[in-house]
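Following: one structure in structure tokens, then a few remarks.
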Amino acid sequence: MIGLVAASVNTSSARYISLIAIGLSAVLSALLSPSALANPNLLDDYQRYADSGEVRILGIEDTPFLSVWHSEQTPFKHGTAWLYPDWGEGPSSSQVIKQLRERLPALGWESVAMQLPSLPGPAFTIDEEEALTGLFEQLTQRSEQAFESREQAFGFELVIAQGMTASWLVDYYSQHSQALPDGLVLLDAYAEGREQAQQLAEKSSLLTIPVLDIVTSGYHPWSEQSAELRRIANYKRQKINYRQTRLIAPLHGVEQYETSQLIYGWLSHLGWQ
């Protein structure tokens, strides 16, 4: 029998299950895709936080998915940081997302990292519009379910997104201003192809919220070109709340540390820290 502790959250429509270590492998096998199960970092991460109750299953009345939560570790809570790894990554397999979700609570931020929907298969490409739409709807639904599962909302809402996931969120926010967070951090956001990258740049320049755009050398063949197009588009619109910063080719552990320091400095500049 799978050892689960079901905890009902009294919000408008949200319920979640908090895991304990007993039977965790069986739960992961049922919920994660084969590619995710093959990732030892992802499995180790869920196992590590199961004992403390930081791993939750959300969407139990629809399509279950896992999330990793960390409460703020300071007397005063600044807000909640929602962390989205690049597509195909998990809260631990992306080292930058892993470090940020562990560091931000010490700075007064609740952090939430989620398991993203699985891609249809190895032959999937981003040109398959129908499949893209379905994945994007799942991502949006999961975000809403995670938001509703909190016991209490307080402070600023900060979204930190990586890679292709970041570009999808920029597209979504440009069309749904009512869903905008208070601030957005892009980590190596990219779109494959000149036309798609230009569209991403234009949409990023339409956002009315503060945006920190962090670019790492060598992350993806399209990441740096996409970043340059975003810089130009935001400069042309004279966006004073847009900042782009480039990091040198990452060394072991250095990129993650510099990224967290950049975000801390940016939050301090905004008066949110």
Side-chain angles (χ1 to χ4, degrees), residues 12-14 58-59 62-63 65 79-89 112-120 124-150 153 156-215 220 222-223 225-244 270:
S12 59
S13 60
L58 299 175
D62 186 13
T63 302
F65 64 96
T80 301
W82 304 91
L83 298 115
Y84 297 83
D86 200 351
W87 222 259
E89 300 284 354
V112 184
M114 290 179 290
Q115 170 200 353
L116 299 185
S118 301
L119 296 175
F124 173 79
T125 68
I126 62 171
D127 295 326
E128 298 179 25
E129 184 174 351
E130 184 176 351
L132 263 181
T133 302
L135 287 171
F136 193 73
E137 289 176 351
Q138 290 183 57
L139 175 61
T140 304
Q141 184 181 48
R142 292 186 180 195
S143 299
E144 292 173 349
Q145 290 170 337
F147 185 84
E148 293 173 353
S149 72
R150 288 183 302 176
F156 297 102
E157 302 291 342
L158 176 66
V159 169
I160 302 174
Q162 184 182 37
M164 187 184 296
T165 309
S167 68
W168 286 17
L169 287 174
V170 168
D171 179 70
Y172 178 77
Y173 292 141
S174 68
Q175 301 177 57
H176 301 83
S177 59
Q178 76 281 1
L180 280 170
D182 296 304
L184 176 64
V185 178
L186 305 177
L187 303 176
D188 296 303
Y190 70 88
E192 295 181 334
R194 174 80 184 189
E195 181 179 353
Q196 290 82 355
Q198 185 63 55
Q199 291 175 0
L200 170 62
E202 293 298 327
K203 290 174 180 178
S204 73
S205 70
L206 296 175
L207 300 180
T208 58
I209 58 174
V211 176
L212 176 61
D213 192 349
I214 300 177
V215 186
H220 185 275
W222 276 100
S223 59
Q225 184 173 350
S226 294
E228 179 62 13
L229 292 173
R230 290 196 301 276
R231 185 193 67 78
I232 294 172
N234 280 272
Y235 178 70
K236 289 175 68 175
R237 290 186 181 272
Q238 299 182 325
K239 292 288 295 298
I240 60 175
N241 58 356
Y242 172 86
R243 177 190 296 182
Q244 185 176 112
L270 293 174

Could you state the interatomic distance from [atom1] ([X]) to [atom2] ([Y]), rounded to the nearest 0.5 Å?
| X | Y | atom1 | atom2 | value |
| --- | --- | --- | --- | --- |
| Lys203 | Tyr173 | NZ | OH | 14.5 Å |
| Leu169 | Gln162 | CG | CD | 12.0 Å |
| Thr208 | Asn241 | OG1 | CG | 7.5 Å |

For residues 176-186, run the donor-acceptor check on the side chains, cut-off 3.5 Å, and write out each pair with its distance to 0.1 Å, sequence neighbours left out.
{"residue": "His176", "atom": "ND1", "partner": "Tyr172", "partner atom": "O", "Å": "3.0"}
{"residue": "Asp182", "atom": "OD2", "partner": "Glu157", "partner atom": "N", "Å": "2.7"}

Looking at residues at least two apart in the chain, or sitting in another chain, which of them share a ring pair (Phe, Tyr, Trp, His ring centres under 6.0 Å) with Phe156?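 If we apply the ring pair (Phe, Tyr, Trp, His ring centres under 6.0 Å) test to Phe156, skipping adjacent residues, the hits are Trp272.
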Can you name the residues that form a side-chain hydrogen bond (donor to acceptor under 3.5 Å, both in side chains) with Ser223, not counting sequence neighbours?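 Per chain and number, Ser223 pairs via side-chain hydrogen bond (donor to acceptor under 3.5 Å, both in side chains) with no residue.
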Residues in side-chain hydrogen bond (donor to acceptor under 3.5 Å, both in side chains) contact with Tyr84, at least two apart in sequence or another chain: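 Per chain and number, Tyr84 pairs via side-chain hydrogen bond (donor to acceptor under 3.5 Å, both in side chains) with Ser143.
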Determine whether a donor-acceptor pair (N or O, by modelled atom type, separation under 3.5 Å) exists between the side chain of Thr165 and the backbone of Trp87.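 At least one qualifying donor-acceptor pair exists.
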Residue pair [X] / [Y]: nearest heavy atoms and the distance that separates them:
| X | Y | result |
| --- | --- | --- |
| Ala197 | Ser226 | CB-OG, 3.5 Å |
| Ala227 | Val215 | CB-CG2, 3.4 Å |
| Ala189 | Ser167 | CB-N, 4.4 Å |

One pair to check against side chain to side chain donor-acceptor pair (under 3.5 Å): Glu192 and Tyr190. What are the steps and the verdict? CA-CA 7 Å; Glu192 295 181 334; Tyr190 70 88; 4.9 Å; no
Would Asp188 and His220 count as a side-chain contact (heavy atoms from CB on, under 4.5 Å) if you check the C-alpha gap in whole Å, the side-chain angles of each, and the deciding distance to 0.1 Å? CA-CA 8 Å; Asp188 296 303; His220 185 275; over 6 Å; no
According to side chain to side chain donor-acceptor pair (under 3.5 Å), does anything in residues 230-240 pair up with another residue at least two apart or in another chain? List the pairs.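 Checked against side chain to side chain donor-acceptor pair (under 3.5 Å) - neighbours excluded - the pairs reaching residues 230-240 are Ser204-Asn234, Ser205-Arg237, Asp213-Arg230, Glu228-Arg231.
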Report yes if the side chains of Leu229 and Leu200 come closer than 4.5 Å at any heavy-atom pair, otherwise no.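 No - every pair of side-chain heavy atoms lies 4.5 Å or more apart.
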Residues in side-chain contact (heavy atoms from CB on, under 4.5 Å) contact with Gln199, at least two apart in sequence or another chain: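 Applying side-chain contact (heavy atoms from CB on, under 4.5 Å) to Gln199 gives Glu195.
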